[in-house]
2 protein chains.
Amino acid sequence: MKNHSELLRESGLKATIQRLSILEILQGTGHSTIDDIYVTVREKHASISLATVYKNIEMLLEKGVLAEVPLAGRKSKYEIKKHDHIHLICQVCGSVEDETMDAIPQEQLTRIAQKDDFILSQSQINLYGICRNCRQ
Amino acid sequence: MKNHSELLRESGLKATIQRLSILEILQGTGHSTIDDIYVTVREKHASISLATVYKNIEMLLEKGVLAEVPLAGRKSKYEIKKHDHIHLICQVCGSVEDETMDAIPQEQLTRIAQKDDFILSQSQINLYGICRNCRQ
DNA sequence: TTAAATGCAAAAAATTTGCAGACGT
DNA sequence: ACGTCTGCAAATTTTTTGCATTTAA
């Protein structure tokens, strides 16, 4: 597992405390909204500005360090980009869990896209329902 | 194909001109953002308010008449709810096309969700890439 | 040293709310 | 006629921008 400073520098970005904090938080939670991140970073670095969080998320998305997870009926969450996977999204609490794509091979998706002459670059599979905790 | 007035009444909603227009537009385009809808309804019913579009989209989502299609890096689009299908999302122009889920059986997704004790209620498969038109 | 990044405050954009009047049933 | 829905204007929330100052390399 690559450390965050390296990851940032490889992407042509300075390894600031703010950016490292954002990555640590995302590493910890897996998926967070902008506000989640802002509130949490604040606990350590009280002076961080919300504008800085916005600017950094945007920059990290552009550089491909993060991926956006857009959610129906909620604000988007963000995650550190990794190989394709499936999201299990709880409609009650909004939690997001990951599952492997093992059961759904990439070629299968590529083939579907080809039917429409569509060049596939990225897949998002989101399964909405109720998580273990919320069904009590 | 059920007509829109019926559809609305069955959902316990009055069939207003505004709502019928919204449904017609979505029927025509397949997928539209709030602003797309607002601008287009306006051409016929110049007096419609943006607030009315917001309120109606929310109401129609609640009643299950519409579904939200949340998109990475863009505003959500909305569609008339139909059986599960795959979205091909163009990263250049933002267009959304539908494809059938034939190749990916429901049970397969249900099984993936079960691994996490997750009760599946709805699936969204979004394939991002470049559409036929945009790769010219 | 110096280009890039931060934090602030202000601006802009997006969404929500409350309510008087209009409309569908 | 009645309760729902609309349109407006105002309020709120979210996101973006510009710029002076700070900071990583």
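Numbered from 1 within each chain, the chains take letters A, B, ... in sequence-line order.
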Heavy atoms from C-beta onward define the side chain here; which of D:dT6, C:dA5, C:dT16 lies closest to that of B:Ala51?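 Ranking D:dT6, C:dA5, C:dT16 by closest atom to the B:Ala51 side chain puts C:dT16 first.
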Length of the line joining [X]:[atom1] and [N]:[atom2], which is rounded to integer Å:
{"X": "A:Tyr38", "N": "D:dT15", "atom1": "OH", "atom2": "P", "result": "14 Å"}
{"X": "A:Arg19", "N": "D:dT23", "atom1": "CZ", "atom2": "C1'", "result": "11 Å"}
{"X": "A:Arg74", "N": "D:dT14", "atom1": "CZ", "atom2": "P", "result": "14 Å"}
{"X": "A:Lys75", "N": "D:dT14", "atom1": "NZ", "atom2": "C1'", "result": "6 Å"}
{"X": "A:Leu50", "N": "D:dT16", "atom1": "CG", "atom2": "P", "result": "10 Å"}
{"X": "B:Tyr54", "N": "C:dA13", "atom1": "OH", "atom2": "P", "result": "13 Å"}
{"X": "A:Leu13", "N": "C:dT6", "atom1": "CG", "atom2": "P", "result": "9 Å"}
{"X": "A:Ile57", "N": "C:dA5", "atom1": "CD1", "atom2": "P", "result": "15 Å"}

Could you go step by step and tell me if B:Glu68 and B:Ser76 meet the side chain to side chain donor-acceptor pair (under 3.5 Å) rule? CA-CA 7 Å; B:Glu68 180 179 353; B:Ser76 285; 2.6 Å; yes
Which residue, B:Ile17 or B:Lys14, contacts DNA chain D at a nucleotide closer to its 5' end, judged by nearest heavy atom?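 Comparing both residues, the 5'-ward one is B:Lys14.
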Checking all strands, does [X] fall into the base, sugar-phosphate, or nothing category for heavy-atom contacts under 4.0 angstrom?
{"X": "B:Asn56", "result": "sugar-phosphate"}
{"X": "B:Lys55", "result": "base"}
{"X": "A:Thr16", "result": "sugar-phosphate"}
{"X": "A:Ile34", "result": "nothing"}

Looking at A:Ile25 and A:Ser32, what are the two nearest heavy atoms and their distance? CG2-OG, 4.2 Å
Full working for side-chain contact (heavy atoms from CB on, under 4.5 Å) between B:Leu60 and B:Leu8: CA-CA 9 Å; B:Leu60 293 167; B:Leu8 288 169; 3.6 Å; yes
Before we go on, tell me: are the rings of A:His87 and A:His85 under 6.0 Å apart, centre to centre?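 Yes - the distance between ring centres of A:His87 and A:His85 falls below the 6.0 Å cut-off.
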Above 12 or not: heavy atoms from other molecules or residues under 6.0 Å from NZ of A:Lys115?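 Atom NZ in A:Lys115 is packed in, count exceeds 12.
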Looking only at side-chain N and O atoms, does A:Gln18 come under 4.0 Å of OP1 or OP2 in D:dT23?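 Looking at the OP1 and OP2 atoms of D:dT23, neither is under 4.0 Å from any side-chain N or O of A:Gln18.
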